[in-house]
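Only one structure is covered here, and it is reproduced in the block below.
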Number of protein chains: 2
Amino acid sequence: MKNIEIDDDLYLHIVANTQSIGENASSILRRLLKLDQKASIDESLVQEITAVTSPDDIADNVMDLAEKSEIEALDNSTESVFNFINKEELAMQRGAVGRFLLILAALYRAHPQRFKVVTEICGRDRLYFANSEAELAASGSSTKPKQIPESPFWVLTNSNTTRKKMMLTRAATSLGYNDADVEKIRELL
Amino acid sequence: MKNIEIDDDLYLHIVANTQSIGENASSILRRLLKLDQKASIDESLVQEITAVTSPDDIADNVMDLAEKSEIEALDNSTESVFNFINKEELAMQRGAVGRFLLILAALYRAHPQRFKVVTEICGRDRLYFANSEAELAASGSSTKPKQIPESPFWVLTNSNTTRKKMMLTRAATSLGYNDADVEKIRELL
DNA sequence: GATTCGATCGGAGGGATAGTTA
DNA sequence: TCTAACTATCCCTCCGATCGAA
């Protein structure tokens, strides 16, 4: 084990990509860096708990668990997008933009609390997701911002279908979907 | 700044990607994770989002859905076209053309055998309804014929909304609806 | 002159692709 | 310089109000 020092925003980015309670930094980083996972999630959890020695550590751990449980209770994290997708409605959309918004709305409804991580997804200079029309409009020209239905988030809409699929892929991945599910989501568009 | 603990092999992976003497972990990670080198998260903004998405909002949404189902159930208890109108689907159409076609489709489904009477409805020289695209196209220029969904009939589409309402009025009247119901149908557009 | 009807054309939306930047 | 990634212009399609024609 090594200790490294990183900026706060990087730290938050890593935390935002946690996929299971108690997942450690190495596991998250391996996934983000697309490296092979060394051990299964369960094992890493066991190791982490086993490693706890001092009373302080125990306290920290309890705090962490309490915090995460709370987050999980607020977030509908047992739900998956697929419960919120209405295929009829999707099929009825005239263009890719309509389907795009519907899929994002479903993702939001399935993960209202964690959805904010998508805010980190962006292009070279344009923002892809934001909390207001103005933010997106300001990040480029003719970005065509649209509100994600029934949510406080906005998305950029001026892109080709390939890029819209990419945005979906990135959003679903950030929200913890595995490759198979991400593929299913991407196919909806 | 935060300290995180990572596995030795991950540490080596990061070190191996150093691109300049003295480059720190954050810089290397940003590059590997394809993040902007200057990226930062506005934490106050994040808190604001979290506050907006309360469980109450979710409850409200559930209520709305329940209400809509009930309304739909009441509508379906009436006889005729109104049995075949899906308000959700109607509301979802982008323009008047979509609603126009949906209403006509409902009329057709309610009266498949008598529907052919609408064929007599026409303008000075353009046909308004016909059994083929060609007939409509031949009766004028840029008539923009569209097939009435799930039916063998076609309708002219190049007209203003006022005229589309008129066509509906005439069609419903021909099919025997009384003034009150005709008015309801016309209001759907 | 008043009214109805037709279809042109301006406007909005969508998204492929040419052009730009890192 | 060369390439890969990203941007946003611009073309296309759809819509329907408006205004000229009958």
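Here is how names work: the chains are called A, B, and so on, in the same order as the sequence lines, proteins then strands, and each is numbered from 1.
A residue-by-residue look at B:Lys164 and B:Asp125 shows that B:Lys164 has its nearest nucleotide of DNA chain D further toward the 5' end. Along DNA chain D, the nucleotide closest to B:Arg124 and the one closest to B:Thr162 are compared, and the more 5′ of them pairs with B:Thr162. Heavy-atom distances to DNA chain C give each of B:Lys144 and B:Tyr128 a nearest nucleotide, and the one nearer the 5′ end belongs to B:Tyr128.
Between A:Lys165 and the phosphate of C:dG15, there is no side-chain N or O to OP1/OP2 separation shorter than 4.0 Å. Distances shown here put every side-chain N or O of A:Thr157 at or beyond 4.0 Å from the OP1 or OP2 atom of C:dG15. Residue B:Ser142 has a polar side-chain atom (N or O) positioned under 4.0 Å from OP1 or OP2 of C:dT8. Within the structure, a side-chain polar atom (N or O) of A:Ser141 is placed less than 4.0 Å from OP1 or OP2 of D:dT9.
Rounding to whole angstrom units, CZ of residue A:Phe100 and C1' of C:dG14 are separated by 13 Å. The CZ-C1' distance, from B:Arg99 to D:dC14, rounds to 14 Å in whole Å. Rounding to whole angstrom units, CE of residue A:Met167 and P of D:dC6 are separated by 10 Å. Separating the CG atom of B:Leu156 from the P atom of C:dC5 is a distance of 13 Å, rounded to the nearest angstrom. Distance, B:Gln93 CD to D:dG16 C1': 16 Å, rounded to whole Å.
Side-chain atoms of A:Asn158 stay outside donor-acceptor range of the base of D:dT7, with no qualifying N/O pair under 3.5 Å.
With A:Lys146 contributing its side chain and A:Thr157 its backbone, the two residues share no donor-acceptor pair below 3.5 Å. Between the side chain of A:Ser139 and the backbone N or O of A:Leu127 there is at least one donor-acceptor pair closer than 3.5 Å. With hydrogens and angles disregarded, a donor-acceptor distance shorter than 3.5 Å links the side chain of B:Tyr177 to the backbone of B:Val81.
Considering only side-chain atoms of B:Arg163, the nucleotide from C:dC5, C:dG14, C:dT17 that sits closest is C:dC5. Listed nucleotides: C:dG13, C:dC5, C:dA7. Nearest to the side chain of B:Arg94: C:dG13. For A:Asn160, taking side-chain heavy atoms from C-beta onward, the closest of the listed nucleotides C:dT17, C:dC5, C:dG6 is C:dT17.
A:Phe82 carries A:Lys184 over the face of its six-membered ring, with the cationic atom under 6.0 Å from the centre and within 45° of the normal.
Using modelled atom types, one finds a donor on one side chain and an acceptor on the other under 3.5 Å when comparing A:Arg163 with A:Tyr128.
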